[in-house]
Amino acid sequence: MCHSIKGNILTPTGWVHGAITFGARIESVSGSTVDPAINVDDFILPGFIDLHVHGGGGKDIMDGGDAVHIIAAMHAQHGTTSMLATTMTAPPAEIQNALAAIGGAGARRPSAARVLGAHLEGPFINAEKLGAQPNYTSVATLAEVQRLAAYAPLKLITIAPEIEGHLTLVRALTEAGMRVQIGHTMGSYEDGVAALAHGATGFTHLFNAMSGLHHRAPGMAGAALAHAQYAELIPDLLHVHPGAIRVALRAIPRLYCVTDSTAAAGMPDGAYRLGRQVVHQCLGGVRLADGTLAGSTLTMDQALRNLVGLGLDLADASARVSTYAADFLGLHERGRLAQGCYADLVLLDRALRLKAVCIEGEFCDLNDA
């Protein structure tokens, strides 16, 4: 079925006012150049891409089974058109169970985000920088990663590069076509630079669960700010101070945003699970019993609004919740509104509230949003 919608369309070459016509892929974008600040029509943007999703709608990726579909549907209600289902550090059998469910989620269900594969956030991290992860860390080997990859496509792996053997593995994984991010790490600035030289291409939730910046010991955060082209950041305004977000935006050209969302996303205050941990949602945040931040309740539409609230123009904010994440994974047919690309798009009113979400040419039912 062919659809056409009109508005201020953000194309790879700038804003046009006109119509976008599409089936499963975009057939045409027509119109004339426009300043969207002047023309008061709705905004049409690329659908949001979230590379760090632990849960939503009361479900956690580590639940296995049908949880991934429920989570993908909940995030679609907030404009996420594709995502990486993200695992937690856990015993091997639990990680395998979660990955098996992710691997079976490739056939997208109606009104649910496309699950592109898995982000393996553990267990190959430093036990001294767990954050909200339980302590089931292990040292990575190529054989172990290949064994896990048999259950689901491992699109992204978080690794602490200072662990013995991990630096060499970074290059092997990169050569095998996997993206490697540095995270949950006590590593030094020098460790970060070495990991980038070995093929690591990003940083997991920048500033969080990594050695911080000091002017005589720049730490892993300093390595990211000095050298990274890509890094993910959680813009819920709790995980990272707005001033630090501005620092990262100035330093990292293709900084992109993730939610790091938990089962509490889209749910009322209360107790939820994050892997093996019990977490508590209260006052807009999610924490362990000791007060440690434990993921978020953020959704990508709110991430966009938060970025605009910090002073980014809408085109820049859109790139950071969509295009840059697609580019990071090498997905050039997503994250942009151009002929031949997947018809993943969102329609927003002037207050940046969702009016429609389309995933690969299919409109989502937003009645439950």
Side-chain angles (χ1 to χ4, degrees), residues 51-52 84 86-90 92 95 117-149 154-234 239-240 244 248 251-256 258 260 325 328-330:
L51 304 189
H52 197 141
L84 291 184
T86 304
T87 61
M88 292 281 289
T89 299
I95 295 175
H119 173 178
L120 196 68
E121 198 188 2
F124 310 130
I125 61 177
N126 193 317
E128 295 182 43
K129 276 291 184 184
L130 290 170
Q133 302 259 359
N135 193 0
Y136 290 92
T137 62
S138 63
V139 176
T141 65
L142 183 58
E144 175 64 7
V145 174
Q146 290 173 333
R147 187 182 68 80
L148 293 174
L154 300 183
K155 298 295 186 180
L156 182 57
I157 302 176
T158 293
I159 283 182
E162 71 276 13
I163 303 298
E164 186 175 357
H166 281 189
L167 198 59
T168 301
L169 182 63
V170 168
R171 188 176 300 281
L173 295 177
T174 300
E175 291 173 349
M178 302 177 195
R179 298 294 194 275
V180 176
Q181 284 191 160
I182 303 164
H184 287 275
T185 170
M186 289 290 290
S188 66
Y189 169 89
E190 290 77 15
D191 290 325
V193 172
L196 292 170
H198 278 70
T201 50
F203 292 78
T204 297
H205 43 51
L206 181 65
F207 298 120
N208 298 113
M210 65 178 59
S211 50
L213 174 68
H214 185 277
H215 59 284
R216 285 191 293 271
M220 197 59 73
L225 296 172
H227 299 285
Q229 289 294 309
Y230 290 95
E232 61 168 59
L233 182 141
I234 308 166
H239 278 77
V240 184
I252 300 175
R254 301 175 79 80
L255 184 80
Y256 65 91
V258 298
D260 197 12
F328 178 69
L329 289 186

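Values in this document were obtained by computation on a predicted structure and should not be read as measured data.
- Ile234 contributes atom CD1, which lies 6.5 Å from atom NE2 of His52 (distance to the nearest 0.5 angstrom).
- Taking 4.5 Å as the limit, some side-chain heavy atom of Met178 sits within range of a side-chain heavy atom of Val145.
- Across all non-hydrogen atoms, the minimal contact from Ala127 to Asn135 is CB-OD1, 3.7 Å.
- Applying the side-chain hydrogen bond (donor to acceptor under 3.5 Å, both in side chains) rule to pairs touching residues 216-229 yields Tyr189-His227, sequence neighbours excluded.
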> Between Val258 and Thr86, is a side chain to side chain contact (heavy atoms under 4.5 Å, CB included) present by the stated rule, with each step listed?
Replying inline: CA-CA 11 Å; Val258 298; Thr86 304; over 6 Å; no
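- Rounding to the nearest 0.5 Å gives a distance of 7.5 Å between OG1 of Thr137 and CD1 of Ile163.
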> After noting the C-alpha distance and the side-chain angles of Ile95 and Tyr136, does the key distance pass the side chain to side chain contact (heavy atoms under 4.5 Å, CB included) rule?
Replying inline: CA-CA 11 Å; Ile95 295 175; Tyr136 290 92; over 6 Å; no
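- The nearest pair of heavy atoms linking Ala231 to Ile252 is CB-CD1, 3.9 Å.
- For the pair Leu154/Leu173, no side-chain contact is recorded, criterion being any heavy-atom separation below 4.5 Å from C-beta on.
- Note that the OG1 atom of Thr185 and the CG atom of Asn126 stand 6.0 Å from one another [nearest 0.5 Å].
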Show which side-chain atoms of residues 191-212 pair as donor or acceptor with protein atoms under 3.5 Å away, not counting sequence neighbours.
{"from": "Asp191", "atom 1": "OD2", "to": "Ser188", "atom 2": "N", "distance (Å)": "2.9"}
{"from": "Asp191", "atom 1": "OD2", "to": "Ser188", "atom 2": "OG", "distance (Å)": "3.2"}
{"from": "His198", "atom 1": "ND1", "to": "Ala194", "atom 2": "O", "distance (Å)": "2.9"}
{"from": "Thr204", "atom 1": "OG1", "to": "Thr158", "atom 2": "OG1", "distance (Å)": "2.7"}
{"from": "Thr204", "atom 1": "OG1", "to": "Gln181", "atom 2": "NE2", "distance (Å)": "2.8"}
{"from": "His205", "atom 1": "ND1", "to": "Asn208", "atom 2": "O", "distance (Å)": "3.1"}
{"from": "His205", "atom 1": "NE2", "to": "Glu121", "atom 2": "OE2", "distance (Å)": "3.1"}
{"from": "His205", "atom 1": "NE2", "to": "His184", "atom 2": "NE2", "distance (Å)": "3.3"}
{"from": "Asn208", "atom 1": "ND2", "to": "His239", "atom 2": "O", "distance (Å)": "3.1"}
{"from": "Ser211", "atom 1": "OG", "to": "Gly187", "atom 2": "O", "distance (Å)": "2.4"}
{"from": "Ser211", "atom 1": "OG", "to": "Met220", "atom 2": "N", "distance (Å)": "2.8"}

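- Atom CD1 of residue Ile182 and atom NE2 of residue His166 lie 12.5 Å apart, to the nearest 0.5 angstrom.
- Nearest heavy-atom pair across Thr89 and Gln133 is N-OE1, 2.6 Å.
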>> Would Glu144 and Phe124 count as a side chain to side chain contact (heavy atoms under 4.5 Å, CB included) here? Give the steps.
In response: CA-CA 11 Å; Glu144 175 64 7; Phe124 310 130; 3.9 Å; yes
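- Atoms CD1 and CG, on Ile157 and Leu148 in that order, are 8.0 Å from each other to the nearest 0.5 Å.
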>> Assess the residue pair Leu142 and Leu169 against the criterion (side chain to side chain contact (heavy atoms under 4.5 Å, CB included)); give the C-alpha distance rounded to whole Å, side-chain angles, the decisive distance to 0.1 Å, and a yes or no.
In response: CA-CA 7 Å; Leu142 183 58; Leu169 182 63; 3.8 Å; yes
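- Separating the CD atom in Glu232 from the CG atom in Leu51 is a distance of 7.0 Å, to the nearest 0.5 Å.
- Nearest approach of Lys155 to Gly117, heavy atoms of both residues: CG-CA, 4.1 Å.
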